[in-house]
Amino acid sequence: MAVQKTDKIWHNGKLINWDDAQLHVLSHVVGYGSSVFEGIRAYETSQGPAIFRAHDHMQRLVNSARIYRMDFPYSVDNLVNVASELVRVNKMGACYIKPIVLRGYGEVGVNPLNCPVETYMACWKWGSYLGPEALAQGVEVCVSSWTRIAPNTLPAMSKAGANYMNSQLIRIEAIKNGYAEGIALDADGHVSEGSGMNIFLVHNGVLYTPPLAASILPGITRDSIVTIAADLGLTVKEAVIPREMLYIVDEVFIVGTAVEVTPIRSIDKIQIGKGSMGPVTRKIQDEFFAIVNGKKADRHNWLTHTNTPVAAAR
Ligand SMILES: Cc1ncc(COP(=O)(O)O)c(C=O)c1O
C-alpha cells in the first residue's frame, strides 16, 4: 500500500518536514537492520481521533530498545505526548503511527555501539490492511514453509526491524502462492503467528492462543482480545498448539494493529467451520470495533484522545 505523505515527522525532539526525514545510506540500520519500532492505530471517535493503547505500545518500544541496548532519552509518557502532537499537527483522522528507534550514521562495522541512536515518529492515513472485505468475509491463509525465528536467535519479544526479514519470507511466499497471509510454526513445529499478527483458535466455545514461548510478538491486540473475551464470559487458554489443530477447530482468526480482528476462511485450502466468520469471532470483532471507535465505554482506558478536532471541523 502506498504511503500518503503528511506534513510533519518528529525526529529527536523536533518536528521536521516529511521530505527532510532522510538517512545516510551507510547508517548502521541500513547495513545491519538495527532498528526497533511500533505500529499503532488512531481511530476516529465522536471526540476526534484517539490512539489505541498508546502507553502499551510505547512501553513495548522501550522494551524492544532495551533488549538491544539502544539508549534513547524518551519516556513512555514523552512518546505518547509526541504521538498525540503528531496526529494534531498533521490534522489526521484515523491513522497509523510509527515510532522508529534506529542506529544511525557513525561507524560502519557490525559493532553498533558508536553509532548515534535516532528516534523518529511518523503517521499517515491507513485503512484496513487486507481490504475491508477481509474483515467481513475472512481470508484464506496457508501454513508457511518458513519457520518463525527460533528462541535465542533474534528475540521475538523485541519488535525489531530485523525480525521482519523472517516476516517478509512468510508473507512473500503466501502472496506468491495466492494466499492472503502465512501462519508460521515455531522451531518445534507448533503454531506461532503470522508475518505481522497473532492467532486465535476457537474450539467448543473456548479460545486458544499460542504462548510467548512460541516465538510470538507479545501483541497488544492479542492482549486486548484476551481481555475482551473474558469480559464476554469466554474462556481463553494459552496453549502449545499442534499444526493439525488448525484444520479441525470451529473458528480461527488473526489479530494485530494491522489486521485488527480478521476471520480465517480456510487454511491450506481446508475450510474452517462454515468457511465464513464464526459466531465467536463476530462477537469479539463487534466488541473490539465498538471500543476502539468509542461507540462503547472505554472501560479499560485504552484510548488516548488527541484533542484533534472531530472530522467535520478538520
Ligand atoms: C510479528 C507480529 N506479531 C504480532 C503482531 C501484533 O501485535 P500488535 O497487536 O501489538 O500490533 C505484530 C504487529 O505488530 C507483528 O508484527
Student: Say you draw a straight line from CD1 of Ile183 to CD1 of Ile170; how long is it, rounded to the nearest 0.5 Å?
Tutor: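 The CD1 atom of Ile170 is 9.0 Å from CD1 of Ile183, to the nearest 0.5 Å.
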Student: Is it true that Arg222 and Glu193 have a side-chain N and a carboxylate O under 4.0 angstrom from each other?
Tutor: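 Salt bridge flag = no for Glu193 with Arg222.
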Student: How long is the gap from CD1 on Ile149 to CG on Asn166, to the nearest 0.5 Å?
Tutor: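 The CG atom of Asn166 is 6.0 Å from CD1 of Ile149, to the nearest 0.5 Å.
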Student: Enter the distance from Met197:CE to Glu260:CD here, rounded to the nearest 0.5 Å.
Tutor: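 That separation rounds to 11.5 Å.
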Student: Check whether any side-chain heavy atom of Met58 sits under 4.5 Å from a side-chain heavy atom of Pro99, and report yes or no.
Tutor: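 Yes, their side chains come closer than 4.5 Å.
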Student: For the residue pair Tyr120 and His11, does the interplanar ring angle fall in the parallel (under 30°), tilted (30 to 60°) or perpendicular (over 60°) class?
Tutor: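 Judged by the thresholds at 30° and 60°, the geometry between Tyr120 and His11 is parallel.
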Student: Do Phe37 and Tyr164 make the cut of ring centroids closer than 6.0 angstrom?
Tutor: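 Phe37 vs Tyr164: aromatic centres under 6.0 Å.
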Student: Is it the case that the ring center of Phe52 lies less than 6.0 angstrom away from the ring center of Phe288?
Tutor: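 When the ring centroids of Phe288 and Phe52 are compared, they turn out to be within the sub-6.0 Å range.
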Student: Looking only at heavy atoms, what is the nearest atom pair of Ser224 and Arg53, with distance?
Tutor: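 Result for this residue pair: OG-NH1, 2.9 Å.
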Student: When you measure from the side chain of Asp186 to the backbone N and O of Ser192, does any donor-acceptor pair fall under 3.5 Å?
Tutor: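 Looks like no, no N/O pair under 3.5 Å.
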Student: Is the number of heavy atoms from other residues, nucleotides or ligands under 6.0 Å of Met157 CE greater than 12?
Tutor: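 For Met157, atom CE is not crowded (no more than 12 foreign heavy atoms under 6.0 Å).
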Student: For residues Met121 and Val82, report the shortest heavy-atom separation together with the two atoms involved.
Tutor: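 In this case the closest contact between Met121 and Val82 is CE-CG1, 3.5 Å.
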Student: Give a yes or no on whether Asp20 atom CG has more than 12 heavy-atom contacts from other residues, nucleotides or ligands under 6.0 Å away.
Tutor: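 Yes - once you tally the heavy atoms of other residues, nucleotides and ligands closer than 6.0 Å, there are more than 12.
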Student: Could you check whether any side-chain heavy atom of Thr306 comes within less than 4.5 Å of a side-chain heavy atom of Ile51, counting everything from C-beta outward?
Tutor: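 The answer is yes; the side chains approach within 4.5 Å.
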Student: Regarding Glu85 and Asn81, do their side chains bring together a donor and an acceptor under 3.5 Å, going by distance alone?
Tutor: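 Their side chains do not contain a donor-acceptor pair, so the 3.5 Å distance test is not met.
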Student: Does a side-chain N-to-carboxylate-O contact under 4.0 Å join Lys98 and Glu38?
Tutor: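 Answer for the salt bridge query: no.
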Student: Hey, is Asp7 close enough to Lys91 for a salt bridge, meaning N to O under 4.0 Å?
Tutor: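 Salt bridge: no.
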Student: Linking I/L/V/M/F/W/Y whenever any side-chain heavy atoms sit under 4.5 Å apart, do Leu185 and Val240 land together?
Tutor: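 No, Leu185 and Val240 fall in different hydrophobic clusters.
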Student: Regarding Asp231 and His300, is there a side-chain donor-to-acceptor distance under 3.5 Å anywhere?
Tutor: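 Looking only at side-chain atoms, His300 and Asp231 do form a donor-acceptor pair, the distance falling under 3.5 Å.
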Student: Before accepting this row, confirm whether a basic side-chain N of the pair Arg299/Glu287 lies closer than 4.0 Å to the acidic partner's carboxylate O.
Tutor: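 Looking at Glu287 together with Arg299, the answer is yes, because their closest N to O distance falls below 4.0 Å.
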Student: Indicate yes or no: at least one non-hydrogen side-chain atom of Lys159 is less than 4.5 angstrom from one of Asn63.
Tutor: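 In short, these two side chains do not touch, never coming nearer than 4.5 Å.
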Student: Please name the pair of heavy atoms, one in Ile220 and one in Arg60, separated by the smallest distance, quoted to 0.1 Å.
Tutor: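 Scanning both residues, the minimum pair turns out to be N-NH1, 3.7 Å.
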Student: Side chains of Glu181 and Tyr129: donor-acceptor distance under 3.5 Å anywhere?
Tutor: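 No, no side-chain donor-acceptor contact under 3.5 Å.
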